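Counting starts at 1 for both ligands and their atoms, following the listed order. Everything numeric in this text was worked out from a predicted model, so none of it was measured. Atom set for the values below is all heavy atoms of this structure, side chains included, hydrogens, waters and symmetry mates excluded.
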Amino acid sequence: MTGLDARRQAYDALRDIENKGSFANLRLKKTQLDDERDARLTTQLIYGTLQWQIYLDYCLQGYIRAKKVHPGVRTLLRMGAYQILKMDRVPDSAACNSCVELAKAVGLGRLSGFVNGVLRNLSRTKDSILLPDEKKQPTLRLSVEFGWPLWLVEYFIGALGLEEASGLLRHQMDYGEVCIKPNRLKVSPAQWDSWCADQAERLRPAPLAGDGYYWKGVPAQEPAFNEGWFTVQGEASQLAARLVEARPGQKILDLCAAPGGKSCAMAMEAQGKALITACDLHGHRVQLIEKNAHRLRVALETLQWDASQPRPAWNDGFDAVLVDAPCSGLGLLWEKPDLRHRVVAQDIAALAKLQRDILHCAARYVRPSGRLVYATCTMTHEENTEQVRDFLSSHTDYEQDDFSPLLPSGLKARVADGGLQLYPHVDGTAGFYMARFRRKER
Ligand SMILES: C[S@@+](CC[C@H](N)C(=O)[O-])C[C@H]1O[C@@H](n2cnc3c(N)ncnc32)[C@H](O)[C@@H]1O
């Protein structure tokens, strides 16, 4: 059967994500498929099944009478239901047959009849599934229809109102595309133009990223990526790195740097001539920064360091400091759907405290008239606007720094209260927040 290997890899990854808490994007990198079509199918099955899990479980519940379902079978049913309900290009019969074959291949052959029965019934009657009433239960409807945990729907409705939250929660993104940007330190204009011409059918301009593109491809399988010709970085992340305005000869500190996307972006922006120190709390993540820098051939100094602890030796030592803070990551829920099932509301307060501590330390490292950039990939006011307000009220040696001239002309979001909040449904980026402060002259 075509795609059975791809489906098996997706099944194994989904089991690891559930059992071992693996992150989907990292687990995906471990799948081994040489054929690009298979690799795309695996990606779509993993991400799609996770994105729609709540919707799929809702639809499946009407077809399952058993009180307990074997966890492996539940994964198979979700994968099958995803193909039947959300993947138009897969015929229902292929979705059913492949799940039955997969059940046998993963040692669940004795339950393959059950899998077959549930999926065939679903396929036959899928058009009559009733979702919660939009008028009577708008919150539950958004949760089920678009696969969001209820608390997240309630959070966004509380923060944005029903209409805006609906727009946000309805937004979908294409998992098959990544945003790329040329590494001008490594690739010549002629080489880049020629690569882009080869890839023309898979590229579309990234409106906010200057010379970047959205590319339908698998980076690890692309020689140009392994040669360091381009970086993979979302438009919002690129923008946050740009706010630092890293210039040749400057000393820059990136306090929460792994896996090194923004550190490398800043190094490239400064034509490889800035002195960039990239730190992270976790040693294994510091290695990711080094790996990234090595691939892109940019020089960075790396250090394992807890940014919430003061380091007096750094006081007044940097032209600019970036705090790309650990955060609830709600802005990445579209591109990393496993996070929807991982983040919990209780995380937000603890993260806000950590962010405050990190910002407080970072404030000392900036030289007078230097820049401090604060960024998160989330949309909670506790982690964003409240941090900015709190920082300015407790650090009177800082003022807000207007960065609007640096923003791309096509951007719809506007700076408000000194910060820029990007939303997926407004600008098509990840949900991201950024603010910039300038230390006053003494
Ligand atoms: C949003 S990510 C950074 C992404 C990175 N700037 C990039 O562009 O690739 C936040 C990082 O903060 C790190 N982190 C968490 N707590 C930290 C702490 N107390 N000190 C330093 N880094 C920390 C995490 O390990 C994670 O790598």
Full working for side chain to side chain contact (heavy atoms under 4.5 Å, CB included) between Thr376 and Tyr374:
CA-CA 7 Å; Thr376 69; Tyr374 177 70; 3.4 Å; yes
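- With ligand atoms numbered from 1 in the order given, ligand 1 contributes 9 (O) to contacts under 4.0 Å with heavy atoms of Pro259.
- Atoms of ligand 1 lying under 4.0 Å from at least one heavy atom of Asp324, given by number and element, are 1 (C), 3 (C), 4 (C), 5 (C), 6 (N), 7 (C), 8 (O), 10 (C).
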Worksheet item: What's the verdict on side chain to side chain contact (heavy atoms under 4.5 Å, CB included) for Arg438 and Gln400, showing C-alpha distance, side-chain angles and the deciding distance?
Response: CA-CA 6 Å; Arg438 188 168 290 275; Gln400 256 164 14; over 6 Å; no
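- Every N/O-N/O distance between Ala325 and ligand 1 stays at or above 3.5 Å.
- Using a distance-only test at 3.5 Å, with no hydrogens or angles considered, a donor-acceptor pair links the side chain of Asn183 to the main chain of Gly228.
- At the top of the distance list for atom 25 (O) of ligand 1, counting protein heavy atoms only, stands Asp280 OD2, 2.7 Å.
- A distance below 6.0 Å separates the ring centres of Trp215 and Trp195.
- Checked options Arg367, Lys251, Arg439; the residue passing with Asp316 is Arg439 (criterion: salt bridge (charged side-chain N to carboxylate O under 4.0 Å, His left out)).
- Ligand-side atoms of ligand 1 in range of His282: 25 (O), range being under 4.0 angstrom from any heavy atom.
- Here the closest non-hydrogen pair linking Asp417 and Val388 is O-CG1, 4.2 Å.
- Atom 16 (N) of ligand 1 has as its closest protein heavy atom Pro326 CG, 3.6 Å.
- Numbered from 1 in the order shown, with element, the atoms of ligand 1 that lie under 4.0 Å from a heavy atom of Arg285 read 25 (O), 26 (C), 27 (O).
- Shortest contact from atom 12 (O) of ligand 1 to any protein heavy atom: Cys256 CB, 3.3 Å.
- Residue Ala257 has at least one heavy-atom neighbour below 4.0 Å for each of these atoms of ligand 1: 5 (C), 6 (N), 7 (C), 9 (O).
- Taking each of Ala241, Ala307, Gly261 in turn, the one with a heavy atom nearest to atom 7 (C) of ligand 1 proves to be Gly261.
- Across the listed options Cys264, Cys327, Ala258, Ala258 owns the non-hydrogen atom lying nearest to atom 5 (C) of ligand 1.
- Proximity to Leu255 (heavy-atom distance under 4.0 Å) selects the following atoms of ligand 1: 21 (C), 22 (N).
- Taking the six-membered ring for Trp and the full ring otherwise, the centers of Phe225 and Phe230 sit less than 6.0 Å from each other.
- Nearest protein heavy-atom neighbour of atom 23 (C) of ligand 1: Leu281 CB, 3.5 Å.
- Here the heavy atom of the protein found nearest to atom 19 (N) of ligand 1 is Asp306 OD1, 2.9 Å.
- Residue contact check for ligand 1: Cys377 places no non-hydrogen atom closer than 4.0 Å to it.
- Between Glu163 and Arg170 no salt bridge is recorded (no basic side-chain N to carboxylate O distance below 4.0 Å).
- Annotation: cation-pi geometry not satisfied between Arg436 and Phe403 (NZ/CZ under 6.0 angstrom from ring centroid, within 45° of ring axis).
- Of all atoms in ligand 1, listed by their number and element, those nearer than 4.0 Å to a heavy atom of Trp305 are 20 (N), 21 (C).
- For Asp12, the side chain to side chain donor-acceptor pair (under 3.5 Å) partners are Arg8, not counting sequence neighbours.
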